[in-house]
Amino acid sequence: PPGAIFEQDLTPDEQFGQVEQLLKPIAPQCLGLIEGNHDSRIRKATGYNALAVLARHLGVPCLGPDGRFRVQAGKQRYSIYATHGKTGARTYGYKVNALMRLQQICDADLYLMGHCHSPMAVSQLWQGQSGRRRKMYCVTGHYLGDATYAREACLPRTPTGHIEMMFGADGTIQATI
């Protein structure tokens with residue numbers, strides 16, 4: 001259960017080690033680590049920033065609650081805004097609305113948000129000053145499986161998994177769940 005560290009199967013050090021081993025193979029492709037609500041809770045309660053330590057171990061930036069990135073495919077450049085997110089959303093419609101609100105923070109081609117535990121991708125044709133373009137909005141997914149806290153809160157079960165993004169040299173973004 002959340003907050004019950006002595007009821008966990010692994011100690012915090014063992015959990016840290018497992019996460020580090022999972023991320024180490026992909027660290028060279030990692031643009032940075034974004035702080036989530038659990039990281040934030042630990043940092044505020046203890047003064048210990050486990051995410052910053054993990055980022056140092058992996059040799060990647062620790063970005064705080066969000067990050068802005070640019071990637072390139074051929075000559076095409078893409079802007080990305082990523083955040084852990086915080087929505088309170090229980091329905092897919094509310095999660096989509098939360099995703100769409102991210103465009104109020106900054107202009108990007110791709111918006112990524114975690115926290116909602118429902119891998120999904122939505123695209124929207126958008127009219128900007130420089131013309132029309134398609135924007136992509138994604139909830140990045142999870143691997144929690146049958147989480148006790150979700151059942152206690154009567155949250156619907158959602159599929160585990162992640163989103164894979166393909167950036168085309170022609171300006172298209174494809175998301176595969």
Side-chain angles (χ1 to χ4, degrees), residues 1-72 78-90 94-95 98-121 136-153 155 158-165 167 175:
I5 62 169
F6 299 109
E7 295 178 28
Q8 302 293 314
D9 293 333
L10 300 174
T11 67
D13 283 340
E14 291 168 333
Q15 292 174 32
F16 183 96
Q18 278 195 356
V19 170
E20 183 179 9
Q21 291 308 309
L22 282 170
L23 295 178
K24 195 175 279 189
I26 63 167
Q29 291 82 39
C30 189
L31 300 174
L33 299 183
I34 294 176
E35 184 177 68
N37 55 308
H38 297 267
D39 308 303
S40 175
R41 186 181 316 134
I42 292 167
R43 180 181 48 75
K44 289 175 183 175
T46 67
Y48 179 70
N49 190 337
L51 190 69
V53 174
L54 179 61
R56 265 196 314 277
H57 283 211
L58 297 173
V60 302
C62 184
L63 302 171
D66 62 1
R68 296 176 188 184
F69 312 99
R70 294 213 180 270
V71 297
Q72 191 162 332
Y78 295 94
S79 59
I80 303 169
Y81 175 74
T83 181
H84 178 75
K86 184 175 184 179
T87 68
R90 289 176 170 259
Y94 190 41
K95 292 173 188 185
L99 278 169
M100 296 298 205
R101 280 196 307 273
L102 295 178
Q103 67 186 332
Q104 296 170 358
I105 296 170
C106 68
D107 183 39
D109 299 305
L110 172 63
Y111 297 89
L112 301 170
M113 182 173 66
H115 192 78
C116 293
H117 302 227
S118 301
M120 69 171 72
M136 181 72 71
Y137 305 82
C138 298
V139 174
T140 56
H142 73 99
Y143 287 93
L144 288 177
D146 191 25
T148 302
Y149 80 90
R151 290 194 328 267
E152 289 171 349
L155 296 172
T158 58
T160 58
H162 63 277
I163 302 280
E164 292 184 15
M165 308 304 303
F167 297 92

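- Distance check, rounded to the nearest 0.5 Å: CE of M165 to OG1 of T140 gives 11.0 Å.
- Distance check: T46 OG1 to R41 CZ gives 12.0 Å after rounding to the nearest 0.5 Å.
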Show the numbers, then the answer: is there a side-chain contact (heavy atoms from CB on, under 4.5 Å) between H57 and V19?
-> CA-CA 11 Å; H57 283 211; V19 170; over 6 Å; no
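- In this structure, CG in L63 is found 10.5 Å from CD in E35, a value given to the nearest 0.5 Å.
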For N37 and K86, what are the C-alpha separation, side-chain angles and deciding distance, and is it a side-chain contact (heavy atoms from CB on, under 4.5 Å)?
-> CA-CA 8 Å; N37 55 308; K86 184 175 184 179; over 6 Å; no
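- Put simply, CG on L33 and CG on L31 are 10.5 Å apart, with the number rounded to the nearest 0.5 Å.
- Between S79 and A108, the shortest heavy-atom distance links the atoms OG-CA, 3.1 Å.
- Ring planes of F167 and Y78: tilted class, angle from 30 to 60°.
- With T83 contributing its side chain and M113 its backbone, the two residues share no donor-acceptor pair below 3.5 Å.
- Using a 4.5 Å heavy-atom cutoff, the side chains of L23 and I26 are in contact.
- When the options I80, I34, L99, D66 are evaluated for a side chain to side chain contact (heavy atoms under 4.5 Å, CB included) with L112, the one that passes is I80.
- Residues F69 and L110 have side chains not in contact (no heavy-atom distance under 4.5 Å, counting atoms from C-beta outward).
- Distance CG/D109 to CZ/R70: 8.0 Å, rounded to 0.5 Å.
- Pairing each heavy atom of R43 with each of N49, the nearest pair is CD-ND2, 3.6 Å.
- The distance from atom CG of D13 to atom CD of Q18, rounded to the nearest 0.5 Å, is 12.0 Å.
- Considering all non-hydrogen atoms of both residues, A175 and A121 come closest at CB-CB, 3.6 Å.
- Listed for the Y111 side chain is no donor-acceptor partner under 3.5 Å among the backbone atoms of R101.
- Closest of all the heavy-atom pairs between F16 and A50 is CE1-O, 3.5 Å.
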